Amino acid sequence: MARKRATIREVARATGLSPAAVSYALRGIQVSPQTVERVRAAAAELGYEADPIARALASGRTGMIGLLCGSLEDLWQQSLAVGISRRLREHDRYALILDAVGDPARERDLAMQLRDQRVDGLIVQPLDPAASFWPELCASLPVVAIGDSLRGTAAEVVFDNRRGVTLALEHLLARGHRRVGVLTPTRPSTPDRPADVHVMAEAERLGLDIEMASAAHGPSGATRAARDLLTGPRPSAVFCFADSIAYGVYAAARDLGLSVPDDVSVMGYDDHPMSGLLTPGLATVDWNIDGIVTASVRLMSDAADGRGERRRVVQRPTLRERGSVADLSRRRG
């Protein structure tokens with residue numbers, strides 16, 4: 001039979017303290033370090049574990065942080081979720097991870113469900129930063145946004161997408177590419193994402209001919225979108241707003257008998273670890289995922305504990321040059 005959970009009163013009897021003093025000692029407040037050590041040793045010996053429901057009722061906190069992902073088919077978002085959940089555990093918090101599957105309406109429903117379940121805070125990489133429900137949600141619980149800015153958040157880790165897009169397009173231009181296909185996970189219902197807007201502005205500035213299309217993060221959807229792009233008047237390069245989409249371009253090129261980079265060059269946008277293992281390696285934009293994890297968890301912990309003012313961290317990218325981009329300028333020379 002399972003052993004009965006030890007109670008705080010049993011720990012109190014074992015230490016000769018009141019239940020209130022034991023409670024303080026277990027939380028490390030209002031008692032001496034010696035008392036804390038003695039109480040925790042007794043609790044460990046008795047097998048005492050705090051009742052999470054009772055603790056939540058007493059403190060008004062659940063210890064749970066909602067982590068709302070735009071699409072877990074995106075391998076980079078998978079890595080981000082793993083990193084955040086592990087780092088939250090180091091702060092004695094747990095991640096409740098939900099997947100919006102690329103659907104802005106589902107994202108809204110899940111965000112509201114997390115609020116109603118009384119999570120201590122929400123970390124989100126929003127699909128639709130312009131959606132009208134965000135200010136209302138941010139007024140009801142601490143929210144840390146990753147990627148794009150949201151109105152009313154407690155804090156945000158925003159990507160310098162202007163710099164990221166410029167790095168990618170200037171890299172392609174310097175290697176002689178003038179006609180570039182762009183595959184984005186953005187849906188027609190959410191057309192105003194900053195990165196998508198900026199890619200068109202930069203293309204005009206640089207004199208590039210851009211053809212933009214939507215692509216799902218999953219392998220089949222990304223491959224299908226890439227195949228459609230490559231069977232028309234073919235661009236010399238394809239720039240993808242996620243490495244997981246770029247993998248679909250590799251697959252589509254293989255299916256069509258095309259070579260990367262000889263027939264079509266490919267660029268990604270988040271430097272997933274798998275990107276360096278491809279043949280050829282995928283040229284991409286690195287956003288320093290470890291830095292994003294560290295900053296977002298620190299900001300969320302401060303916000304959930306009611307510490308500090310609103311903060312904004314701007315994540316700057318670097319370019320990862322690999323063999324997936326051909327140098328057409330040499331061929332023409």
Side-chain angles (χ1 to χ4, degrees), residues 1-69 72 77-100 110-125 137 140-144 146 154-155 157 289-308:
M1 295 180 63
R3 179 180 176 182
K4 183 180 178 182
R5 181 196 294 266
T7 68
I8 199 167
R9 292 186 180 278
E10 290 173 318
V11 178
R13 284 196 295 271
T15 56
L17 299 170
S18 69
V22 169
S23 177
Y24 290 141
L26 290 171
R27 288 180 285 165
I29 60 174
Q30 299 185 19
V31 295
S32 69
Q34 294 80 7
T35 300
V36 170
E37 184 177 351
R38 180 159 60 97
V39 168
R40 290 182 177 175
E45 183 178 349
L46 292 170
Y48 171 80
E49 294 181 3
D51 185 335
I53 297 176
R55 182 171 56 187
L57 290 172
S59 66
R61 297 176 182 172
T62 62
M64 301 296 297
I65 300 295
L67 178 55
L68 182 51
C69 303
L72 285 176
Q77 289 190 47
Q78 290 181 20
S79 298
L80 184 70
V82 168
I84 288 176
S85 63
R86 289 177 177 174
R87 193 64 57 84
L88 282 171
R89 184 67 188 92
E90 295 172 7
H91 290 253
D92 199 26
R93 289 189 164 93
Y94 300 87
L96 180 58
I97 303 172
L98 296 178
D99 181 10
L110 292 177
M112 294 305 182
Q113 287 177 21
L114 287 168
R115 178 198 62 185
D116 294 343
Q117 290 174 6
R118 299 193 179 281
V119 294
D120 295 340
L122 172 65
I123 299 175
V124 60
Q125 188 174 2
L137 181 75
S140 61
L141 82 165
V143 176
V144 172
I146 295 177
V157 182
I289 194 168
D290 290 338
I292 294 169
V293 167
T294 298
S296 59
V297 171
R298 182 183 71 250
L299 295 173
M300 183 76 266
S301 295
D302 288 346
D305 290 337
R307 299 194 304 265

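Values below: all heavy atoms of this structure, side chains included; hydrogens, waters and symmetry mates excluded. Since we're looking at a predicted model, the values are computed, not measured.
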Reported [atom1]-to-[atom2] distance for the pair [X] and [Y], which is rounded to 0.5 angstrom:
X	Y	atom1	atom2	answer
Leu67	Leu114	CG	CG	9.5 Å
Arg307	Asp302	CZ	CG	4.5 Å
Gln117	Leu141	CD	CG	11.5 Å
Leu96	Leu110	CG	CG	10.0 Å
Gln125	Ile292	CD	CD1	8.0 Å

Nearest atoms (heavy-atom pairs only) where [X] meets [Y]:
X	Y	result
Ala25	Val31	CA-CG2, 3.6 Å
Met300	Gly121	CE-CA, 3.6 Å
Ala81	Cys69	CB-SG, 4.2 Å
Val124	Val143	CG1-CG1, 4.0 Å
Val11	Ala43	CG2-CA, 4.2 Å

Once side-chain contact (heavy atoms from CB on, under 4.5 Å) is applied, do any residues pair with [X], and if so which ones, sequence neighbours excluded?
X	result
Ala21	Leu17, Ser18
Ala12	Pro19, Val22
Arg40	Leu26, Val36

Please confirm whether the backbone N or O of [Y] pairs with a side-chain atom of [X], one donor and one acceptor, at under 3.5 Å?
X	Y	value
Glu10	Thr7	yes
Asp120	Ile65	no
Arg115	Leu137	no
Gln78	Leu72	yes

Residue of the set Ile289, Thr294, Ile123 for which side chain to side chain contact (heavy atoms under 4.5 Å, CB included) holds with Ile84: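 The residue from Ile289, Thr294, Ile123 that satisfies side chain to side chain contact (heavy atoms under 4.5 Å, CB included) with Ile84 turns out to be Ile123.
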List in chain and number order the residues that pass side-chain hydrogen bond (donor to acceptor under 3.5 Å, both in side chains) with [X], two or more places apart in sequence or in another chain; answer none if no residue qualifies.
X	value
Ser301	His91
Arg89	Tyr94
Thr35	Ser32

With Arg87 via salt bridge (Lys or Arg N to Asp or Glu O under 4.0 Å) - residues at least two apart: Glu90
Partner residues of Arg9 under the salt bridge (Lys or Arg N to Asp or Glu O under 4.0 Å) criterion, sequence neighbours left out: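 Arg9 satisfies salt bridge (Lys or Arg N to Asp or Glu O under 4.0 Å) with no residue once adjacent residues are dropped.
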